[in-house]
Q: 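Have a look at this one before I ask anything.
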Amino acid sequence: MITSFTIYANIRVEKAANERIYTSVDAIPYNKVALLLGTNPLNKWGRPNSYFTNRIKTASELFHAGKVDYIIASGDNHTKEYDEPTAMRDSLMAHGVPEDRIILDFAGFRTLDSVVRAKEVFGCDSLTIISQADHNARALYLAEANGIEAVAVAAPLRAGRWVRTRLALREWLARDKMMLDIWFGKQPHFLGERIDIPDVMPQKNYTTAEGMTMRIVSPNPVKTPVDSLIVEFTNSRDAELTTGEWYRIDTKSATYRLVKTFSYPPYQIQKSDTAYVEFQIK
């Protein structure tokens, strides 16, 4: 029965993870939030843990590629001496991720806690999960079971055959326990009050004359495919401005620029001012 249950659990997990684990940061779709699953920054010999360092490197690459706006660093902090989230934050900052884009979850004692809290505490209905591939598969199954649309990016796994075999056996047993936790309605150790993660609109607005501002209101952020853009004009002058009927979109690498001409009195025929909005498409 135990063998049959283990086979069943692993088939279900692998099916849930099918085509949702990416090995390339460039290929993975955009999500507002990434969930970085914690592990000990040091191995049992007191040296840097490659699982930890590879997850940090992958998470920072994901952020710098514009694939996520925020990273939840979720890990164990059961004692003052053991603090995974703070270690992840410090390492992410050392890799150029701004501190205000890192959210610390000190109650990610297990993968179940991290995934469920991402939805119930931080309000994430979609996620990009960051860990090694086998761990990602289990986290994706938990996300699906809790109504979260998730994809995952696999951090590199550099280990010998014996270590990989031991980890595979451990992961199979972890999937058994996860399945039982789901069936019996296991909940995180702590939930707490809701914490809202603000939206980040990657826009840069500027004009050739003061008083006029233009920004993209919707969609926020701009994602592909794009059917339409809702644009807002704001006039802070007393004089009434006029705008032309046409727009232009310029492209420069991964950045787009929306261009619109406008005029203030005396409404010169030959010369118009211009408003610009630079934005990215996720």
Side-chain angles (χ1 to χ4, degrees), residues 20-77 80-109 111 113-115 117-118 121-122 124 126-136 139-140 143 150-159 167 195 197-204 221 253-255 278-282:
R20 291 200 288 153
I21 298 179
Y22 293 78
T23 57
S24 168
V25 167
D26 293 333
I28 198 167
Y30 165 84
N31 258 322
K32 177 181 173 181
V33 179
L35 176 63
L36 174 59
L37 297 174
T39 188
N40 196 332
L42 301 177
N43 61 25
K44 61 182 179 180
W45 297 285
R47 294 193 291 268
N49 181 359
S50 64
Y51 287 83
F52 179 90
T53 55
N54 286 332
R55 290 182 199 182
I56 294 295
K57 185 174 183 292
T58 301
S60 62
E61 289 175 353
L62 200 69
F63 177 84
H64 291 304
K67 297 294 185 173
V68 295
D69 295 327
Y70 293 92
I71 299 172
I72 298 176
S74 181
D76 194 347
N77 178 221
K80 291 182 179 180
E81 293 75 25
Y82 189 81
D83 187 350
E84 291 176 354
T86 299
M88 288 190 283
R89 179 201 63 193
D90 294 345
S91 295
L92 287 168
M93 290 175 62
H95 282 75
V97 180
E99 186 175 7
D100 62 354
R101 300 297 186 90
I102 304 168
I103 300 164
L104 300 184
D105 177 15
F106 292 102
F109 302 116
T111 306
D113 296 62
S114 296
V115 172
R117 282 175 55 81
V121 175
F122 299 103
C124 299
S126 62
L127 281 173
T128 296
I129 298 170
I130 305 166
S131 187
Q132 275 70 29
D134 287 349
H135 191 195
N136 277 339
L140 286 169
V151 293
V153 58
L157 173 61
R158 296 184 177 91
L167 291 172
I195 299 172
I197 301 175
D199 289 328
V200 175
M201 180 177 284
Q203 293 187 32
K204 179 181 179 181
S253 185
T255 301
E278 291 185 0
F279 62 98
Q280 292 182 334
I281 297 178
K282 300 296 185 180

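These numbers come from the heavy atoms of this one structure, side chains and all, not from hydrogens, waters or symmetry mates. Along the sequence shown, residues are numbered consecutively beginning with 1.
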Q: So, Ser60 side chain and Lys57 main chain: donor-acceptor pair closer than 3.5 Å or not?
A: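 Yes; at least one donor-acceptor contact below 3.5 Å.
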Q: To the nearest 0.5 angstrom, please state how far the OG1 atom of Thr128 sits from the NZ atom of Lys67.
A: 9.5 Å
Q: Between Asn54 and Leu157, is the side-chain contact (heavy atoms from CB on, under 4.5 Å) condition met? List the steps.
A: CA-CA 8 Å; Asn54 286 332; Leu157 173 61; over 6 Å; no
Q: For residues Leu35 and Ala118, report the shortest heavy-atom separation together with the two atoms involved.
A: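 Heavy atoms of Leu35 and Ala118 come nearest at CD2-CB, 4.5 Å.
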Q: Decide yes or no for Phe63 and Ile71: does some side-chain heavy atom of the first lie under 4.5 Å from some side-chain heavy atom of the second?
A: yes
Q: Is it the case that the side chains of Tyr30 and Asp69 hold a donor-acceptor pair, with the cut-off being a distance below 3.5 Å and no angle test?
A: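 Side-chain D/A pair, Asp69 to Tyr30: present.
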Q: Verify, without hydrogens or angle tests, whether His64 (side chain) and His95 (backbone) share a donor-acceptor contact under 3.5 angstrom.
A: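 It does hold such a pair.
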Q: Are more than 12 heavy atoms, taken from residues, nucleotides or ligands other than Lys32, located less than 6.0 Å from that residue's NZ atom?
A: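 More than 12 within 6.0 Å, yes.
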Q: Could you state the interatomic distance from CZ (Phe106) to CG (Asp113), rounded to the nearest 0.5 Å?
A: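 Here the interatomic distance stands at 15.0 Å.
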Q: Do the non-hydrogen side-chain atoms of Met88 and Ile56 ever get within less than 4.5 Å of each other?
A: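 A side-chain contact exists here, since the closest heavy-atom pair is under 4.5 Å.
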Q: Using the side-chain contact (heavy atoms from CB on, under 4.5 Å) rule, take Cys124 and Ile197 through it: C-alpha gap first, then chi angles, then the decisive distance, then the call.
A: CA-CA 9 Å; Cys124 299; Ile197 301 175; 4.2 Å; yes
Q: So do Leu37 and His135 actually touch side chain to side chain, heavy atoms under 4.5 Å?
A: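 Result yes, sub-4.5 Å side-chain heavy-atom pair found.
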Q: Rounded to the nearest 0.5 Å, how far apart are CG of Leu140 and CD1 of Ile21?
A: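 Atom-to-atom, Leu140:CG and Ile21:CD1 are 5.5 Å apart.
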Q: Measure the shortest side-chain to side-chain distance between Pro156 and Thr58 over non-hydrogen atoms and say whether it is less than 4.5 angstrom.
A: yes
Q: Apply side-chain contact (heavy atoms from CB on, under 4.5 Å) to Arg55 and Thr39, showing your working.
A: CA-CA 9 Å; Arg55 290 182 199 182; Thr39 188; 3.7 Å; yes
Q: Should Asn40 and Tyr51 count as side-chain neighbours, where that means a heavy-atom distance under 4.5 Å?
A: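 No, too far: nothing below the 4.5 Å cut-off.
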Q: Keeping Asp105 on the side-chain end and Ala107 on the backbone end, is there a donor-acceptor pair under 3.5 Å?
A: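 Judged by distance alone, yes, a pair lies under 3.5 Å.
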Q: Looking only at heavy atoms, which two atoms of Ile130 and Ala34 are closest? And how far apart?
A: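 That would be CD1-CB, 3.8 Å.
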Q: Give me the atom names and distance for the closest heavy-atom approach of Ala139 to Val115.
A: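 It is O-CG2, 4.1 Å.
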Q: Is any side-chain heavy atom of Ser131 closer than 4.5 Å to a side-chain heavy atom of Asn136?
A: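 Answer yes - side chains close enough.
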Q: What's the separation between atom CG in Asn77 and atom CZ in Phe109, rounded to the nearest 0.5 Å?
A: 7.0 Å
Q: Would you please test Leu92 and Leu36 for side-chain contact (heavy atoms from CB on, under 4.5 Å) and show each step?
A: CA-CA 11 Å; Leu92 287 168; Leu36 174 59; 4.0 Å; yes
Q: Which heavy atom of Asn31 sits nearest a heavy atom of Leu127, and at what distance?
A: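 Smallest interatomic distance, heavy atoms only, reads ND2-O, 2.8 Å.
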Q: Please report the closest heavy-atom contact between Met93 and Ile102, naming both atoms and the distance.
A: CG-CD1, 3.8 Å
Q: Any idea which heavy atoms bring Ala73 and Pro85 closest together, and the distance?
A: O-CB, 3.7 Å
Q: If I take atom CZ from residue Arg101 and atom CD1 from residue Ile72, how far apart are they, to the nearest 0.5 angstrom?
A: 14.0 Å
Q: With rounding to the nearest 0.5 Å, note down the distance linking CG in Asp76 to CD in Glu84.
A: 5.5 Å
